[in-house]
Amino acid sequence: MSEGRTELSGIGEFGLIEHIQQMFSTKHATSLKGIGDDAAVIGAGDGSMVVSTDMLLEGVHFDLAYMPLKHLGYKAVAVNISDIAAMNALPEQIVISLAISNRFSLEAVDALYEGIRAACESYKVDLVGGDTSSSASGLIISITAIGRVSNDKVVLRSGAKANDIICVTGDLGAAYVGLQVLEREKEVFLTNPEMQPDLEKYEYVVGRQLKPEARMDIVYDLAERGCIPTSMIDISDGLASELLHLSKNSKLGVKIFEDKVPIDHDAFETAIEFKLDPITCALNGGEDYELLFTISPLDYEKLKNHPDIHFIGHMHDNANQNVMITKQQTLVPITAQGWNHFTSA
Ligand code: ADP
Ligand code: MG
């Protein structure tokens, strides 16, 4: 390897983003929040616009062997709306850039846009533009979502305070477990195309992988209950990684309890079937698109009866101590690389 060459694998995705971030400073007073949150915050009249972009690549983020194009279209929108939700904002518009090869027919494009249209309906957003290009390799979909929020309601990753309660919505790990099922069925199908995959038993986990929803319902519920989280992020990479983002940005430590982390029954059973540790799937699986947020203890009463919000721990003063208390009452560090229940016990 020649001198002066730094491998990207050595610095990782987050290191690369930080490296890019350091090369730029903002020039406009309206650039309220730049690189480093779920969406940028841009001053616009009375309130702010939030802008987020995400790209899905065939072979990296999805496999058309088991991802129907309609679901793919829906998911591509949902993952972007999820970042808008993570700012406590309401989405209004999307633009879509598509790179596609002549391997696809007009009917295939229609199926993709049927999913996109369904997502535009359910999240109440307008498709207002985009770009179309030919692709030499696979299908690429890049979506930018734009939302709006009043300045007193915008929630960043950096606002948590010591003793704030850490909350998570829905359940975690199922999308990753669902992906394992789909990968296995694909192998079976490739070996014997006569075999029809039997996915009924895995309906929930497979659905979590193929049909994720952005938790806009939670954004509305929080507003209805008069609760503004102190910090928030959506769970795209896994609970552990997102907890570390809240820790780093809020300059505090996180402490969570394993027995409070919500894991669906089917996801738990299927993880065991695949010889995976369910809590590791929840911590490091990713693609759940649930919301992770912190609230002041004073707001606990407002949310305590919400059926889909779980209280998993709290923030504390020591920014270097990000830990989970296991079911056996042992203390294990939270790392983005993953924590193995079996080797650490
Ligand atoms: P998320 O998982 O919420 O979509 P990312 O980890 O993709 O967030 O991005 C974190 C932050 O880094 C965001 O503010 C995003 O806009 C920014 N970012 C990511 N990639 C780049 C890039 N290549 N150039 C500039 N900013 C980037
Ligand atoms: Mg995000």
To the closest 0.5 Å, what do you measure between [atom1] ([X]) and [atom2] ([Y])?
X: Ile100; Y: Ile141; atom1: CD1; atom2: CD1; answer: 8.0 Å
X: Asp288; Y: Glu242; atom1: CG; atom2: CD; answer: 9.5 Å
X: Leu179; Y: Phe62; atom1: CG; atom2: CZ; answer: 13.5 Å
X: Ile165; Y: Thr230; atom1: CD1; atom2: OG1; answer: 9.5 Å
X: Ile17; Y: Gln22; atom1: CD1; atom2: CD; answer: 12.5 Å
X: Ile312; Y: Ile166; atom1: CD1; atom2: CD1; answer: 6.0 Å

Starting from the C-alpha separation in whole Å, work towards a yes-or-no answer on side-chain contact (heavy atoms from CB on, under 4.5 Å) for Met324 and Leu331. CA-CA 6 Å; Met324 180 172 79; Leu331 195 137; over 6 Å; no
Can you tell me if [X] has over 12 outside heavy atoms packed within less than 6.0 Å of its [atom1]?
X: Tyr66; atom1: OH; answer: yes
X: Met55; atom1: CE; answer: no
X: Lys33; atom1: NZ; answer: yes
X: Asp46; atom1: CG; answer: no

Between [X] and [Y], is any pair of side-chain heavy atoms under 4.5 Å apart?
X: Lys211; Y: Val206; value: no
X: Tyr202; Y: Val177; value: no
X: Val154; Y: Asn88; value: no
X: Ile81; Y: Pro91; value: yes
X: Lys255; Y: Val323; value: yes
X: Cys281; Y: Phe268; value: no
X: Leu291; Y: Ile309; value: no
X: His306; Y: Ile218; value: yes

Just to verify, what does Asp299 make a side-chain hydrogen bond (donor to acceptor under 3.5 Å, both in side chains) with, not counting sequence neighbours?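 By the side-chain hydrogen bond (donor to acceptor under 3.5 Å, both in side chains) rule, Asp299 matches Lys302.
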List in chain and number order the residues that pass side-chain hydrogen bond (donor to acceptor under 3.5 Å, both in side chains) with Arg215, two or more places apart in sequence or in another chain; answer none if no residue qualifies.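 Partners of Arg215 by the side-chain hydrogen bond (donor to acceptor under 3.5 Å, both in side chains) criterion, ordered by chain and then number, come out as Asp217, Glu290, Asp308.
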Between [X] and [Y], is there a side-chain N and carboxylate O pair less than 4.0 Å apart?
X: Glu213; Y: Lys75; value: no
X: Glu114; Y: Arg117; value: no
X: Glu269; Y: Lys201; value: no
X: Arg208; Y: Glu203; value: no

Looking at [X] and [Y], would you say the former's side chain and the latter's main chain have a donor-acceptor pair under 3.5 Å?
X: Asp264; Y: Asp266; result: yes
X: Thr26; Y: His28; result: no
X: Glu258; Y: Thr326; result: no
X: Ser247; Y: Leu252; result: yes
X: His61; Y: Leu57; result: yes
X: Gln93; Y: Leu127; result: no
X: Ser31; Y: Gly34; result: no
X: Gln209; Y: Ala175; result: yes
X: Ser52; Y: Asp38; result: yes
X: His310; Y: Gly170; result: yes

Taking only residues at least two apart or on different chains, which pairs with a member in residues 170-182 satisfy side-chain hydrogen bond (donor to acceptor under 3.5 Å, both in side chains)?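 Checked against side-chain hydrogen bond (donor to acceptor under 3.5 Å, both in side chains) - neighbours excluded - the pairs reaching residues 170-182 are Asp171-Tyr204.
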Does the pair Val41 and Met87 meet the rule for a side-chain contact (heavy atoms from CB on, under 4.5 Å), with working shown? CA-CA 9 Å; Val41 183; Met87 307 305 288; 3.7 Å; yes
Between [X] and [Y], a side-chain donor and acceptor under 3.5 Å:
X: Asp234; Y: Ser82; answer: yes
X: Thr294; Y: Ser231; answer: yes
X: Thr53; Y: Thr144; answer: yes

Are Ile295 and Cys227 close enough, and set up right, to give a side-chain contact (heavy atoms from CB on, under 4.5 Å), and what steps lead you there? CA-CA 8 Å; Ile295 57 164; Cys227 177; 3.8 Å; yes
Please work out whether the ring planes of Phe311 and Tyr300 are parallel, tilted or perpendicular, with thresholds of 30° and 60°.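 It falls in the perpendicular class, over 60°.
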Fit a plane to each ring of Tyr74 and Tyr123, take the angle between them on a 0 to 90° scale, and name the class: parallel (under 30°), tilted (30 to 60°) or perpendicular (over 60°).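 Rings of Tyr74 and Tyr123: tilted, 30 to 60°.
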His316, Met315, His314 screened by side chain to side chain contact (heavy atoms under 4.5 Å, CB included) with Asp164, the one that passes: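 Only one option passes, and that is Met315.
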In the single-linkage hydrophobic clustering (I, L, V, M, F, W, Y; side-chain heavy atoms under 4.5 Å), do [X] and [Y] co-cluster?
X: Leu222; Y: Val50; value: no
X: Leu32; Y: Ile84; value: yes
X: Leu56; Y: Tyr289; value: no
X: Leu292; Y: Ile325; value: no
X: Ile146; Y: Leu90; value: no

Tell me, with the steps shown, if Lys248 and Glu18 meet salt bridge (Lys or Arg N to Asp or Glu O under 4.0 Å). CA-CA 13 Å; Lys248 188 168 183 198; Glu18 268 177 36; 2.3 Å; yes
Minimum heavy-atom distance between [X] and [Y], given as atom pair plus value:
X: Leu244; Y: Ile334; result: CD2-O, 3.8 Å
X: Pro212; Y: Ala78; result: O-CB, 3.5 Å
X: Ser48; Y: Asn151; result: OG-OD1, 2.5 Å
X: Asn163; Y: Pro297; result: O-CG, 3.3 Å
X: Ala85; Y: Val219; result: O-CG2, 3.5 Å

Are Glu187 and Arg184 close enough, and set up right, to give a salt bridge (Lys or Arg N to Asp or Glu O under 4.0 Å), and what steps lead you there? CA-CA 5 Å; Glu187 288 303 316; Arg184 182 181 69 184; over 6 Å; no
